[in-house]
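Basis for what follows: all heavy atoms, side chains included, without hydrogens, waters or symmetry-related copies. Just so we're on the same page: letters track the sequence lines, and every chain starts at 1. Everything numeric here is computed off the predicted structure, so don't read it as measured data.
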Amino acid sequence: EADIYQTPRYLVIGTGKKITLECSQTMGHDKMYWYQQDPGMELHLIHYSYGVNSTEKGDLSSESTVSRIRTEHFPLTLESARPSHTSQYLCASSESRGAPNEKLFFGSGTQLSVL
Amino acid sequence: AQKITQTQPGMFVQEKEAVTLDCTYDTSDPSYGLFWYKQPSSGEMIFLIYQGSYDQQNATEGRYSLNFQKARKSANLVISASQLGDSAMYFCAMRDFEGSEGGATNKLIFGTGTLLAVQP
């Protein structure tokens, strides 16, 4: 079973606030990811990391930023939340073995609503 | 560009019957991987099954099987003996094998999903 945790599960916040979505995994995985998912839509990769001090932008442009100071922790920050940021944010991780069938383990997600 | 297409926004199936969820993909890379994930209403994504582009046989995992037709670029998920707990969104995904910094990024490209409702 996956050991990847996201907090908070739900967040309702006002426009202009700074927020940080937490993601932690206890599996020692090198690779971590953030996906954004609108209701009834596919997941879009917004950030990923190969390891400590490594972060890359994903396929979907996002105003959020990420950091990877520790292997197990990959927080996502929005400096000034806007209603357009309302979405579900899913964190994932995977081992860095490069195996073809290497799968992603996902957290339960954070549903963000910006009023 | 790589793309995943799921043409069924929603499906109904009677409990204990089998159901097929469609997935087609587009890639020019000869080496790729295909995944199916389940997303219940609780929101987490649960890995179901994997098919590699060079695998000779269709993948199976318990009640899940993947009908892989390489020439047609399709990777349909078959769920046998549906259960009420199978009601969820199902996403087909393809692994991007773009090499970077010593290995594949393992980025997954997702389809739009199919909402499956199992009726008693």
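With a 4.5 angstrom heavy-atom cutoff, Q37(A) touches chain B only via side-chain atoms.
Counting heavy atoms from C-beta outward, F47(B) and F105(A) have side chains that stay 4.5 Å or more apart. A heavy-atom distance below 4.5 Å is found between the side chains of Y37(B) and L104(A). The closest side-chain heavy-atom distance from E44(B) to Q6(A) is not below 4.5 Å. Annotation: side chain of H44(A) is not in contact with side chain of I109(B) (no heavy-atom distance under 4.5 Å).
Closest approach of F35(B) and E102(A) over heavy atoms only: CZ-O, 3.5 Å. Nearest heavy atoms, F110(B) versus L43(A): CD1-CB, 3.8 Å.
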Would K103(A) and L108(B) count as a side chain to side chain contact (heavy atoms under 4.5 Å, CB included) if you check the C-alpha gap in whole Å, the side-chain angles of each, and the deciding distance to 0.1 Å? CA-CA 9 Å; K103(A) 62 181 181 278; L108(B) 288 188; over 6 Å; no
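Crowding of K3(B) atom NZ: a count of heavy atoms from other residues, nucleotides or ligands under 6.0 Å not exceeding 12. No more than 12 heavy-atom neighbours from other residues, nucleotides or ligands sit within 6.0 angstrom of NZ on K16(B).
Between the side chains of Q6(B) and E42(A), no donor N or O sits under 3.5 Å from an acceptor N or O.
In terms of hydrophobic clustering, with Ile, Leu, Val, Met, Phe, Trp and Tyr side chains grouped at heavy-atom distances under 4.5 Å, V78(B) and V19(B) are assigned to different clusters. Residues Y54(B) and L34(B) fall into different hydrophobic clusters, defined by Ile, Leu, Val, Met, Phe, Trp and Tyr side chains chained together at heavy-atom separations under 4.5 Å. When the side chains of ILVMFWY residues are joined at heavy-atom separations under 4.5 Å, either directly or via intervening members, L60(A) and V66(A) end up in a single hydrophobic cluster. Residue L77(B) is grouped with residue L84(B) when hydrophobic side chains (ILVMFWY) are merged at heavy-atom distances under 4.5 angstrom, including chains of intermediate members. Under the 4.5 Å side-chain heavy-atom criterion for grouping Ile, Leu, Val, Met, Phe, Trp and Tyr, Y64(B) is not connected to I46(B) through any hydrophobic cluster.
The distance from the OG atom of S94(A) to the CZ atom of R95(B) is 8.0 Å, given to the nearest 0.5 Å.
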